[in-house]
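Below is one structure, written out as structure tokens; comments come after it.
Since the model is a prediction, treat every value here as computed from it, not as a measurement.
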Amino acid sequence: MARRKQPRHRPQKRKEARQGWPGRRDTFRCAGCRLDVPLDAPGTAHRNHCPHCLTSLHLDARVPGDRRAGCRGRMVPLSLTVRPDGEWMIIHHCLACGELGANRIAGDDNALALLRLATRPLAGTRLLAGARRAG
């Protein structure tokens, strides 16, 4: 019997804030619900989405925390995905450039909003099945 490889835990590297970054604060204003959101988040080193509505801004180009994206567009939560090690990630869609991005969920994210995202595909198939029966 072949052995299965055990999933490796991939901790996220913590990066220091850039020195002299203008306007560096400990909170940011959500582009979706306009709440003030703290930058510190349990479970992730770089908070880049609102824990209430899960909306983000297109800030990172290649590496989480690099803040090098030129777009700066609003990113709406599209779906969820799960890594092989069981970690949940939010798939965001940029409304300005159309790029997709994946962000780790944080420990203080709204559980109801996450479950709504996770069950969105199921709700769509249920609506289609109901329309077929009625027609």
Side-chain angles (χ1 to χ4, degrees):
M1 177 184 262
R3 287 185 159 177
R4 296 179 77 187
K5 290 184 178 178
Q6 295 295 326
R8 294 184 298 163
H9 178 67
R10 298 182 334 163
Q12 189 169 0
K13 294 179 183 177
R14 183 169 288 280
K15 293 185 180 173
E16 298 300 320
R18 289 191 217 170
Q19 297 298 324
W21 194 13
R24 178 76 175 155
R25 297 176 291 180
D26 56 348
T27 64
F28 66 90
R29 175 80 39 113
C30 174
C33 63
R34 309 301 295 163
L35 289 176
D36 287 330
V37 179
L39 288 175
D40 293 331
T44 182
H46 312 286
R47 179 187 296 278
N48 54 1
H49 66 273
C50 174
H52 178 67
C53 67
L54 307 178
T55 301
S56 181
L57 284 180
H58 195 178
L59 296 175
D60 299 335
R62 295 184 54 116
V63 181
D66 68 1
R67 305 298 193 239
R68 292 188 178 172
C71 175
R72 304 280 189 222
R74 181 176 170 184
M75 297 185 81
V76 294
L78 187 64
S79 183
L80 289 174
T81 185
V82 181
R83 285 184 174 172
D85 62 355
E87 181 179 30
W88 285 26
M89 297 188 72
I90 303 170
I91 305 297
H92 282 102
H93 176 250
C94 181
L95 297 178
C97 68
E99 187 174 326
L100 295 176
N103 295 320
R104 287 178 161 183
I105 65 166
D108 61 348
D109 285 348
N110 186 344
L112 184 59
L114 290 170
L115 287 176
R116 282 183 183 152
L117 264 180
T119 58
R120 186 182 290 173
L122 299 175
T125 56
R126 186 172 4 153
L127 293 175
L128 291 175
R132 288 183 189 147
R133 279 185 290 199

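- Interatomic distance, Asn110 CG to Leu117 CG, rounded to the nearest 0.5 Å: 10.0 Å.
- Residue Met89 belongs to no hydrophobic cluster, having no ILVMFWY side-chain heavy atom closer than 4.5 Å to its own.
- At distances below 3.5 Å, at least one donor-acceptor pair connects side-chain atoms of His92 with backbone N or O atoms of Leu54.
- Follow the hydrophobic side-chain contacts under 4.5 Å out from Ile91 and you never reach Val76; the two are in separate clusters.
- Ile90 contributes atom CD1, which lies 9.5 Å from atom OG1 of Thr55 (distance to the nearest 0.5 angstrom).
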Discussion item. Applying side-chain contact (heavy atoms from CB on, under 4.5 Å) to His52 and Cys30, what does each step give before you reach the verdict?
Written reply: CA-CA 9 Å; His52 178 67; Cys30 174; over 6 Å; no

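- Taking Asp109 as the reference, His49 meet the side chain to side chain donor-acceptor pair (under 3.5 Å) condition, with sequence neighbours excluded.
- Distance OG1/Thr81 to CD/Glu87: 10.5 Å, rounded to 0.5 Å.
- Leu78 and Met75 fall into different hydrophobic clusters, where Ile, Leu, Val, Met, Phe, Trp and Tyr are joined by side-chain heavy atoms under 4.5 Å apart, directly or via other members.
- Side-chain contact check for Arg47 versus Asp108: some heavy-atom pair is nearer than 4.5 Å.
- Considering only residues two or more places apart in sequence or on other chains, Ala118 meets the side-chain contact (heavy atoms from CB on, under 4.5 Å) condition with Leu80.
- No side-chain heavy atom of Glu99 sits under 4.5 Å from any side-chain heavy atom of Cys71.
- Here the CZ atom belonging to Phe28 is positioned 10.0 Å from the CG atom belonging to Leu35, to the nearest 0.5 angstrom.
- In this structure, His93 NE2 and Leu100 CG are separated by 6.0 Å, a value rounded to the nearest 0.5 Å.
- Taking each heavy atom of Gly32 and Arg74 in turn, the nearest pair found is CA-NH2, 3.5 Å.
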